[in-house]
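Reading through the structure tokens given below for one structure.
A quick note: this is a predicted structure, and the numbers were derived from the prediction, not measured. Convention: sequence-line order gives letters A, B, ...; per-chain numbering from 1. Heavy-atom basis, side chains included; hydrogens, waters and symmetry copies ignored.
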Protein chains: 2
Amino acid sequence: MLGLLNYGSMTGYELDKAFKESLSFFWQAQTSQIYRELAAMERKGWVNSEQVIQNEKPNKRVYTITGSGKEELKSWLCTSEADIDDAMRVRSAFLMRVFFAGEMENGEALSMLRKYREACVGQSEAFGAVPESIAQYGALVDNEDQIKYWKVVALFGEISYRAGLEWVNRAIALLEGECK
Amino acid sequence: MLGLLNYGSMTGYELDKAFKESLSFFWQAQTSQIYRELAAMERKGWVNSEQVIQNEKPNKRVYTITGSGKEELKSWLCTSEADIDDAMRVRSAFLMRVFFAGEMENGEALSMLRKYREACVGQSEAFGAVPESIAQYGALVDNEDQIKYWKVVALFGEISYRAGLEWVNRAIALLEGECK
DNA sequence: TTAATCATGTAACACGTTACATGATTGC
DNA sequence: GCAATCATGTAACGTGTTACATGATTAA
């Protein structure tokens, strides 16, 4: 949220949209969490807010990052310590299901993997629209440096879904060999 | 935990080791969380426990899955509903850092990526030891069906780290082009 | 004698999710 | 008339993390 507010002042509603439309690939947040954390961040002095009265739409509260908020953002970005191990960490209820799939019917496990394959294909296709979307947001932010990194993150997504597809195809082939 | 206890009765300490030695690739749990959740599961009737007095070692409490626990495990394994989307969900503070890396020095971003590369290489190498480890645990569990799925999960790990390495190499190449 | 392994927990806090609550305006 | 978009929250609950507390035995 500090990262987004650093691009420009925003409402909770707009932050929520940013998470859902752009960041959801690597981070998710509930609407209620956004409003709660905005209040907490204001208490900490990282942001301040101002009510804006509107007449054709409901009133809104616009949040602005403070100096102390910018410091906090930078220190979070730069202290990478043990964080690389954290970065590698996967946490997947899906893989847990696969791990214990010996307790399922063979066909049930296969249908789970086929659903995963469909989801991979869908996600891979969805990445076609990403460059366009980056160009649009990039024009608003007006910072060449930023969009370079956005593209690098998008590349991670593409490569991961392709890898996921490769895996699931091999997994299905392995299991189909036994349960025709 | 129900999945593990389904292989055979165990203590909290042994469950903790299983998470740390075998499941940590796709799920992590703190020791304190394991003991807390064991207590909760006993309250729910999914497991029961018995104290075992030892004389050469500290006493221990052995947990055993109940019929109702087995039912719970099976229903968790088989109801896969919306869970595939959940499976695809990535949550990565590391990718968040990359996304906002425009606020860092260029060199700092690069060194973060190089650390990631080292970690990928290390993890990839660590996968060499996995087949041996699977064979060892497999002998204890004595269920051919199970180890088949364990191998499929290990394959996911190998493929993911290879993909991560491919990505980080391309990302570093992209960024080095500009900051020599 | 010092580190590792065996063994079990409590308390507090941080973070994430779900359910609920409200209400105006705009486009089909 | 109905759905979508704009707009903001509270309360309760569930899950994950950190800090703390204790103490025996065995191998280097």
Side-chain angles (χ1 to χ4, degrees), chain A residues 1-2 4-5 9-21 23-24 26-44 46-63 72 76 81-83 85-87 89-93 96, chain B residues 1-2 4-5 9-21 23-24 26-44 46-63 72 76 81-83 85-87 89-93 96:
Chain A
M1 282 160 58
L2 287 175
L4 293 171
L5 291 173
S9 299
M10 270 183 248
T11 65
Y13 188 74
E14 287 169 312
L15 284 165
D16 191 45
K17 273 201 300 183
F19 273 95
K20 281 170 181 109
E21 289 169 10
L23 311 184
S24 70
F26 55 90
W27 203 270
Q28 306 83 42
Q30 241 50 50
T31 307
S32 59
Q33 191 179 15
I34 285 165
Y35 287 107
R36 184 181 61 186
E37 297 310 322
L38 277 172
M41 281 162 57
E42 192 161 27
R43 258 180 271 126
K44 285 178 184 166
W46 296 344
V47 298
N48 52 46
S49 71
E50 220 183 330
Q51 177 116 29
V52 175
I53 312 294
Q54 298 184 118
N55 41 6
E56 313 238 307
K57 290 177 197 168
N59 297 338
K60 62 186 183 180
R61 179 166 291 277
V62 176
Y63 287 85
E72 175 61 25
W76 183 81
E81 302 141 58
D83 229 273
D85 294 322
D86 203 76
R89 209 150 42 218
V90 171
R91 198 185 196 102
S92 165
M96 186 71 91
Chain B
M1 281 160 59
L2 288 175
L4 293 171
L5 291 173
S9 299
M10 268 183 250
T11 64
Y13 188 75
E14 288 169 312
L15 284 165
D16 191 45
K17 274 202 299 184
F19 273 95
K20 280 169 182 108
E21 289 168 10
L23 311 185
S24 68
F26 56 89
W27 202 270
Q28 307 83 42
Q30 240 51 50
T31 307
S32 59
Q33 191 179 16
I34 286 166
Y35 287 107
R36 185 181 58 187
E37 297 310 322
L38 277 172
M41 280 162 58
E42 193 161 26
R43 259 180 272 127
K44 285 178 183 166
W46 296 344
V47 298
N48 52 44
S49 71
E50 218 182 333
Q51 177 117 30
V52 175
I53 311 295
Q54 298 185 118
N55 42 5
E56 313 236 310
K57 288 179 199 170
N59 297 339
K60 62 186 182 180
R61 178 166 292 275
V62 176
Y63 288 85
E72 175 60 26
W76 183 81
E81 303 141 57
D83 229 276
D85 294 322
D86 203 74
R89 207 148 47 214
V90 172
R91 199 185 195 103
S92 167
M96 185 71 91

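Within the nucleic acid shown, B:T11 comes within 4.0 Å of sugar-phosphate atoms alone, with no base atom in reach, counting heavy atoms only.
At a threshold of 4.5 Å between non-hydrogen side-chain atoms, the residues A:K20 and A:T31 count as touching. Annotation: side chain of B:V52 is not in contact with side chain of B:T11 (no heavy-atom distance under 4.5 Å). For the pair B:E42/B:N48, a side-chain contact is recorded, criterion being any heavy-atom separation below 4.5 Å from C-beta on.
A distance of 10.5 Å separates CG in B:D16 from CD in B:Q33, rounded to the nearest 0.5 Å. Put simply, CE on A:M10 and NZ on A:K60 are 11.5 Å apart, with the number rounded to the nearest 0.5 Å.
Contact between B:W27 and B:F19 at its shortest, heavy atoms only, is CD1-CE2, 3.7 Å. For the pair A:G12 and A:I34, the tightest heavy-atom approach, listed with the atom from each and the gap, is O-CG2, 3.8 Å. Between B:M41 and B:L2 the shortest heavy-atom distance is CE-CD2, 3.4 Å. Closest of all the heavy-atom pairs between A:R91 and B:Q28 is NH2-O, 3.0 Å. The shortest heavy-atom contact between A:Y63 and A:L5 is O-CD2, 3.6 Å.
Atom CD1 of B:I34 is separated from atom P of C:dC6 by 15 Å (rounded to the nearest Å). Atoms CE (B:M10) and P (C:dC6) sit 15 Å apart, rounded to a whole Å. Distance B:K20 NZ to C:dA4 P: 17 Å, rounded to the nearest Å. Rounded to whole Å, atom C1' of C:dG9 lies 12 Å from atom CG of B:D16. Atoms CG (A:L15) and P (D:dA7) sit 13 Å apart, rounded to a whole Å. Atom C1' of nucleotide C:dT8 and atom NZ of B:K17 are separated by 15 Å, given to the nearest angstrom.
No donor-acceptor pair under 3.5 Å is formed between the side chain of A:Q51 and the backbone N or O of A:V62.
Contacts with DNA chain C (heavy atom under 4.0 Å) in residues 49-62 of chain A: A:E56, A:P58, listed by number.
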N/O to N/O distances under 3.5 Å, protein versus nucleotides 15-17 of chain C:
unit_1, atom_1, unit_2, atom_2, d
C:dG16, OP1, B:R91, NH2, 3.4
C:dG16, OP2, A:Q33, NE2, 2.8
C:dG16, N7, A:R36, NH2, 2.7
C:dG16, O6, A:R36, NH1, 3.1
C:dT17, OP2, A:Q30, OE1, 3.3

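Side-chain nitrogen and oxygen atoms of B:Y13 include at least one within less than 4.0 Å of the OP1 or OP2 phosphate oxygen of C:dC6.
Within the helix from C:dT1-D:dA28 to C:dC28-D:dG1, the inter-axis angle between the opening and closing five-pair segments is 40°, rounded to 10°.
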